[in-house]
Amino acid sequence: MPDLRSTKQRRAIMAVFNQNKYHLAAEDVYSLVREAIPRISLGTVYRNLETLSQQGDLFKTVFPDGKARYELSGLDHHHHMVCLGCSNVVDISECPFSQEVREQINKEGFEAIHHRFEVFGFCQNCRQKDSDR
Ligand SMILES: [Zn+2]
Ligand SMILES: [Zn+2]
Ligand SMILES: [Zn+2]
């Protein structure tokens, strides 16, 4: 039920995404949104993030660390590289969904709605830490 309070919560959450870099985990959103709504609970943040994802305002990705990251859905289509050391997420603007792949999919009579492409590894910071040891 969209009551006044949840409208205010969702507006505050969207403001967090408009002000900050994307790929926020629920815990990140929670600590940032508390500046606007100090008494909001983590559970409420989770619920609102789910609703905003279902409404298409946010785009949700679940990475292999089991944590979902959210970002604004209006961003240009892109992919992600994910650091297995620090869970940092960086955008890849290039899309590997080529014309050749499209043609093959069409040939199967398949209608592609969505695709994923994620690269996993270690970021520069984590690699440096490793070689320092
Ligand atoms: Zn890293
Ligand atoms: Zn992204
Ligand atoms: Zn793509």
Side-chain angles (χ1 to χ4, degrees):
M1 275 284 255
D3 57 77
L4 215 63
R5 207 169 62 162
S6 54
T7 305
K8 189 186 160 200
Q9 289 165 352
R10 283 204 276 276
R11 211 173 285 155
I13 288 172
M14 287 307 282
V16 165
F17 280 95
N18 282 308
Q19 283 158 23
N20 294 275
K21 276 301 249 182
Y22 20 89
H23 312 131
L24 297 172
E27 290 79 5
D28 304 326
V29 178
Y30 173 60
S31 61
L32 290 163
V33 82
R34 274 170 54 189
E35 289 166 21
I37 309 175
R39 278 185 299 179
I40 199 164
S41 74
L42 183 57
T44 303
V45 170
Y46 267 116
R47 263 202 312 282
N48 281 301
L49 287 171
E50 284 305 308
T51 308
L52 288 164
S53 306
Q54 276 159 19
Q55 286 175 352
D57 293 313
L58 294 178
F59 184 66
K60 177 186 177 185
T61 315
V62 182
F63 292 119
D65 60 3
K67 258 195 203 172
R69 304 295 199 295
Y70 301 84
E71 64 187 343
L72 291 172
S73 61
L75 304 167
D76 285 343
H77 177 77
H78 65 273
H79 294 279
H80 295 121
M81 48 187 138
V82 185
C83 178
L84 297 168
C86 65
S87 296
N88 194 30
V89 180
V90 178
D91 286 348
I92 302 172
S93 58
E94 206 62 38
C95 176
F97 196 38
S98 65
Q99 194 54 41
E100 286 81 0
V101 176
R102 266 171 231 273
E103 276 164 20
Q104 198 175 351
I105 287 168
N106 288 342
K107 232 187 284 169
E108 297 290 331
F110 190 91
E111 188 195 7
I113 305 287
H114 182 65
H115 64 271
R116 289 171 176 276
F117 176 72
E118 283 144 20
V119 178
F120 302 99
F122 293 94
C123 73
Q124 208 169 20
N125 268 343
C126 290
R127 288 174 61 205
Q128 255 158 19
K129 254 184 255 160
D130 216 39
S131 61
D132 286 348
R133 237 177 266 148

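As a basis for the values below, the full set of heavy atoms in this structure was taken, side chains included, without hydrogen atoms, waters or symmetry mates. Both ligands and their constituent atoms are indexed starting at 1 by order of listing.
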Checklist entry - Can you find a side-chain donor-acceptor pair between H23 and D28 that sits under 3.5 Å? => result no
Next on the checklist: When you measure from the Zn ion (ligand 2) to the N, O or S atoms of H78, does any of those distances fall below 2.8 Å?
Outcome noted: yes
Next on the checklist: Which heavy atom of P96 sits nearest to which heavy atom of V101, and what is that distance?
Outcome noted: O-CG2, 4.4 Å
Next on the checklist: Do the side chains of R69 and E71 get close enough for a salt bridge, i.e. N-O under 4.0 angstrom?
Outcome noted: no
Item to check | At the Zn ion (ligand 3): angle between H79 atom NE2 and H115 atom NE2, to 10 degrees | outcome: 110°
Next on the checklist: If you round to 10 degrees, what value do you get for the angle at the Zn ion (ligand 2) between H23 atom NE2 and D91 atom OD1?
Outcome noted: 80°
Checklist entry - Can you name the N/O/S atom of E71 that is nearest the Zn ion (ligand 2)? => result OE1
Checklist entry - Are the side chains of M81 and F117 in touch, meaning some heavy atoms are under 4.5 Å apart? => result no
Checklist entry - Looking only at heavy atoms, which two atoms of L42 and A26 are closest? And how far apart? => result CD1-O, 4.1 Å
Checklist entry - In the shown structure, where waters are left out, how many protein N, O or S atoms lie under 2.8 Å from the Zn ion (ligand 1)? => result 4
Item to check | Ring centers of H115, H79 separated by less than 6.0 Å | outcome: yes
Checklist outcome for this item: Scanning both residues in full, the closest heavy-atom pair of N48 with Q9 reads ND2-OE1, 3.1 Å
Checklist entry - Given side chains that start at C-beta, do those of L52 and R10 come closer than 4.5 Å, heavy atoms only? => result yes
Checklist entry - What does the angle at the Zn ion (ligand 3) come to, between atom SG of C95 and atom NE2 of H77, rounded to 10°? => result 110°
